[in-house]
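FYI, the numbering just counts along the sequence from 1.
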Amino acid sequence: MAWDWQVFCEDTMEHAAVQGCFGKGGDITYLDWMLSAWGWTVSVSLLGLALALVLGSLIGTLRTLPDRPTIVRLGNAWVELFRNIPLLVQLFFWYHVIPTIFPAMKAVPGFVLVVLALGFFTSARIAEQVRSGIETLPRGQRYAAMAMGFTTFQSYRYVLLPAAFRMIIPPLTSETMGIFKNSSVAFAVSVTELTMFAMQAQEETARGIEIYLAVTALYVVSAFTINRIMTFIEKRVRVPGLTAVDAGGH
């Protein structure tokens, strides 16, 4: 069977060809639909990443506090809980279980629940990376900050966290790419992102090869863009001569 890329120039209602491939006057082509789905994928991913970075950084930092065993245990519990439960199970928990316990949650859009599931799941992984980054630093840095009269908060704010984040950018790059790929679970709760678009469009058009190749290309382009951005950031903030291995060896 010959490939037919003109399928993206058809409107989604009557499957008639649309000049220029973009719908006008209320018509929506499959190209319009795919780009809209890509927008939902990007939105879910970026919001989930923002939530994960905030929670992961906080929890990872709390897990390294000296003489705070209770806080450390709570942080460890968070990491083990959200890291060891499959993401899809967590999403179904947010979508089906939480609204049953808290009826007010029934009014929350599925889009928001996906962001919460992605954010909490990824926060556990980022928390572990932040903890490792801080504990990799030489102890002398903490002691030097204390000797200068810094409070615990100031020590983390001005000394430990800036150095730790510089060293964990490579694994953060993987997590950023991972959360973008993991956003595909949103189709399970009817969020029209790229995976759901692909499933529905191929059923309507019987052009699965073209649809899935196009969607795959968008995922690859997105992942490559993330990789390039994070690599650029890593080079900009890198401390000459300091790596995770170097810091751990001193």
For [X] against [Y], the heavy-atom pair lying closest together:
X      : Y      : answer
Ser183 : Thr41  : OG-CG2, 3.4 Å
Leu137 : Ala163 : CD2-CB, 3.8 Å
Val79  : Ala127 : CG2-CB, 3.9 Å
Ser123 : Leu55  : CB-CB, 3.7 Å

We want to know whether Thr192 and Trp33 form a side-chain donor-acceptor pair, criterion being a heavy-atom distance below 3.5 angstrom.
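Their side chains do not contain a donor-acceptor pair, so the 3.5 Å distance test is not met.
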Euclidean distance, [Y] [atom2] relative to [X] [atom1], rounded to 0.5 Å:
X      : Y      : atom1 : atom2 : value
Gln129 : Ser57  : CD    : OG    : 10.0 Å
Glu234 : Ile168 : CD    : CD1   : 11.5 Å
Leu118 : Ile179 : CG    : CD1   : 5.0 Å
Phe121 : Leu51  : CZ    : CG    : 13.5 Å
Thr122 : Asn182 : OG1   : CG    : 6.5 Å
Gln90  : Phe82  : CD    : CZ    : 6.0 Å

Going hydrophobic residue to hydrophobic residue with side-chain gaps under 4.5 angstrom, can you get from Leu74 over to Ile134?
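They do not share one cluster, since no chain of ILVMFWY contacts under 4.5 Å joins Leu74 to Ile134.
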Do Phe102 and Leu113 share a hydrophobic cluster (ILVMFWY, side-chain heavy atoms under 4.5 Å, transitive)?
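Yes, it is one cluster - the side chains of Phe102 and Leu113 are joined through contacts under 4.5 Å.
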side-chain hydrogen bond (donor to acceptor under 3.5 Å, both in side chains) with Tyr30: which of Glu204, Arg207, Glu10, Gln200?
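Exactly one pass, corresponding to Glu204.
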Side chain proximity check, [X] to [Y], heavy atoms < 4.5 angstrom:
X      : Y      : result
Thr29  : Cys9   : no
Leu62  : Val72  : no
Phe8   : Asp32  : no
Phe197 : Trp40  : no
Leu194 : Tyr219 : yes
Trp78  : Phe120 : yes

Using modelled atom types and a 3.5 Å cut-off, is there a donor and acceptor pairing between side-chain atoms of [X] and backbone atoms of [Y]?
X      : Y      : result
Arg166 : Val237 : yes
Thr12  : Ile28  : yes
Asn227 : Ala223 : no

When you measure from the centre of the six-membered ring of Tyr143, is the NZ or CZ of Arg139 under 6.0 Å away and within 45° of the axis?
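Negative - Arg139 is either too far from the ring of Tyr143 or too far off its axis.
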Does the side chain to side chain contact (heavy atoms under 4.5 Å, CB included) test come out yes or no for Tyr156 and Leu65, once each step is laid out?
CA-CA 10 Å; Tyr156 279 94; Leu65 288 177; 3.7 Å; yes
Phe187: hydrophobic cluster co-members (side-chain, 4.5 Å)
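Answer for Phe187: Met196, Met199, Tyr212.
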